[in-house]
Amino acid sequence: MGNVLLQMEDVSYSYHHQIVLENVTLSVEEGQFLGIVGPNGSGKSTLLKIALGVLQPKKGKVWLFGSPMKDQKQNYNIGYVSQKSNSFQRDFPATVQEVVAAGLASKKGILRRYMKKDYLLVDEVLEQVGIQDLRKRNIGQLSGGQQQRVFIARALISKPKLLILDEPTVGIDRDSTKQFYDLLNYLHKQHGLTLIMVTHDIGVVSSLVDQVACLNKKLYFHGTRSLFVEKEKELLSKAYNHDVQVIDHHH
Ligand SMILES: Nc1ncnc2c1ncn2[C@@H]1O[C@H](COP(=O)(O)OP(=O)(O)OP(=O)(O)O)[C@@H](O)[C@H]1O
Ligand SMILES: [Mg+2]
């Protein structure tokens, strides 16, 4: 067994009195790519926020990089791309390199000025995600797919061990989505990055990721992709409470 990066044990969460997560036990090992699926409102984003330490579980425990969550304070070293991050106003006054450099702010403290070496880092991650030619462009003028790469770059600049993505391809066309998945695959395979991605794209779950979690308040399934594929129909109809149309994607 590899190093466990994230461990949740018996985690429950509720907003006011509405229980949205119930006794979730889940672990992610170093180098894994976990896909999380489940219907709208099933607690997926909430689970990610607990992993990030943005929300505290009402019950249960969370360990990150081997230490209990509480002890880690702000220094988690996790990259995060939130749901609907690729919807900047067209006139948002920041360039690509400024948005990416902002990913260093949490490390540097908001008032520190950027140095030459910071911009070298910016160039490095922009190259990694394949958009170095866009670095002086205004963020609002990029396409959704290009913006998504900017956000990945921003999340990668602090060199996280774990990258968490919440439905990163919503609103992005088929070709850009394919390229985006190629990028994730490259980061996973070539850089050994550990990834957790929430997605509604069941096809990608059965081809790109290596572990799957199926969530609807409770965890209905957590295991390898091949086991998921084997039980897919049964699992999904249980978790979604009805039969879903499974669209086959080829990657
Ligand atoms: N800040 C909040 N205050 C109150 N209720 C919330 C809050 N955030 C989420 N909820 C509720 O908690 C439940 C789970 O929400 P969550 O965002 O985790 O679902 P999700 O699985 O990410 O859904 P989607 O696929 O639509 O993004 C939903 O019923 C939602 O309405
Ligand atoms: Mg969500």
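Ligands are counted one by one from 1 in listed order, and the atoms in each one are counted from 1 as well. Every value quoted in this text rests on a predicted model; they were computed, and no experiment measured them.
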Subject >> Trp63 side chain reached by Leu6 side chain, heavy atoms, under 4.5 Å >> reply: no
Original post:
Does Asp123 pair with Arg135 as a salt bridge, N-O distance under 4.0 Å?
Top reply: yes
Original post:
How far is atom 17 (O) of ligand 1 from its nearest protein heavy atom, and which residue and atom name does that atom have?
Top reply: Ser45 CB, 3.7 Å
Subject >> Cluster link Leu47 to Leu162, ILVMFWY, side chain under 4.5 Å >> reply: yes
Original post:
Under 3.5 Å, N or O to N or O, is Gly38 touching ligand 1 that way?
Top reply: no
**OP:** Say whether Gly43 and ligand 1 are in contact under the criterion: heavy-atom distance to a ligand atom below 4.0 Å.
**Re:** yes
**OP:** For atom 3 (N) of ligand 1, grab the closest protein heavy atom and report residue, atom and distance to one decimal in Å.
**Re:** Tyr15 CD2, 3.5 Å
Original post:
At what distance is the nearest protein heavy atom to atom 27 (O) of ligand 1, and which residue and atom is it?
Top reply: Gln83 NE2, 2.9 Å
**OP:** Name the closest protein heavy atom to atom 13 (C) of ligand 1, giving the residue it belongs to and the distance to 0.1 Å.
**Re:** Val20 CG1, 3.4 Å
**OP:** Would you mind listing which atoms of ligand 1 come within a distance below 4.0 Å of any non-hydrogen atom of Glu167?
**Re:** 24 (P), 25 (O), 27 (O)
Subject >> N or O pair under 3.5 Å between Gln18 and ligand 1 >> reply: yes
Subject >> Pairing of Glu124 and Lys159 as salt bridge, 4.0 angstrom limit >> reply: yes
**OP:** Give the cluster check for Leu48 versus Ile19: same hydrophobic cluster or not, with ILVMFWY residues linked at side-chain heavy-atom distances below 4.5 Å.
**Re:** no
**OP:** For atom NZ of Lys58, decide whether the heavy atoms of other residues, nucleotides or ligands shown that lie under 6.0 angstrom number more than 12.
**Re:** yes
**OP:** Could you check atom 14 (C) of ligand 1 against the protein and tell me its nearest heavy-atom contact, residue, atom and distance included?
**Re:** Gly41 O, 3.5 Å
Original post:
Would Thr46 count as a contact for the Mg ion (ligand 2), in the sense that one of its N, O or S atoms lies under 2.8 Å from it?
Top reply: no
Subject >> Within 45° cone of Tyr220 ring axis and under 6.0 Å: Lys238 NZ or CZ >> reply: no
Original post:
Who's the nearest protein heavy-atom neighbour of atom 25 (O) of ligand 1, and how far?
Top reply: Lys44 NZ, 2.7 Å
**OP:** May I ask you to list the atoms of ligand 1 that are less than 4.0 angstrom from any heavy atom of Pro39?
**Re:** 21 (O)
Original post:
In ligand 1, which numbered atoms sit nearer than 4.0 Å to a non-hydrogen atom of His200?
Top reply: 25 (O)
Subject >> Within-4.5 Å side-chain heavy-atom neighbours: Leu142 and Arg137 >> reply: yes
Original post:
What atoms in ligand 1 come closer than 4.0 Å to a heavy atom of Ser42?
Top reply: 19 (O), 20 (P), 21 (O)
**OP:** Tell me, please: is Lys49 in heavy-atom contact with ligand 1, that is, under 4.0 Å?
**Re:** no
Subject >> Within reach of ligand 1, part of Thr46 (heavy-atom separation under 4.0 Å) >> reply: both
**OP:** Determine if the distance from atom 31 (O) of ligand 1 to the closest protein heavy atom is below 4.0 Å.
**Re:** no
**OP:** Could you label the plane-to-plane angle of the Phe33 and His188 rings as parallel, tilted or perpendicular, counting under 30° as parallel and over 60° as perpendicular?
**Re:** perpendicular
**OP:** List the atom of Ala155, the atom of Tyr80, and the distance in Å for their closest heavy-atom pair.
**Re:** CB-N, 3.8 Å
Subject >> Closest protein heavy atom (residue, atom, distance) for atom 24 (P) of ligand 1 >> reply: Asn40 ND2, 3.6 Å
**OP:** Report whether Val198 and Tyr15 are members of the same hydrophobic cluster (ILVMFWY, side-chain heavy atoms less than 4.5 Å apart, transitive linking).
**Re:** yes
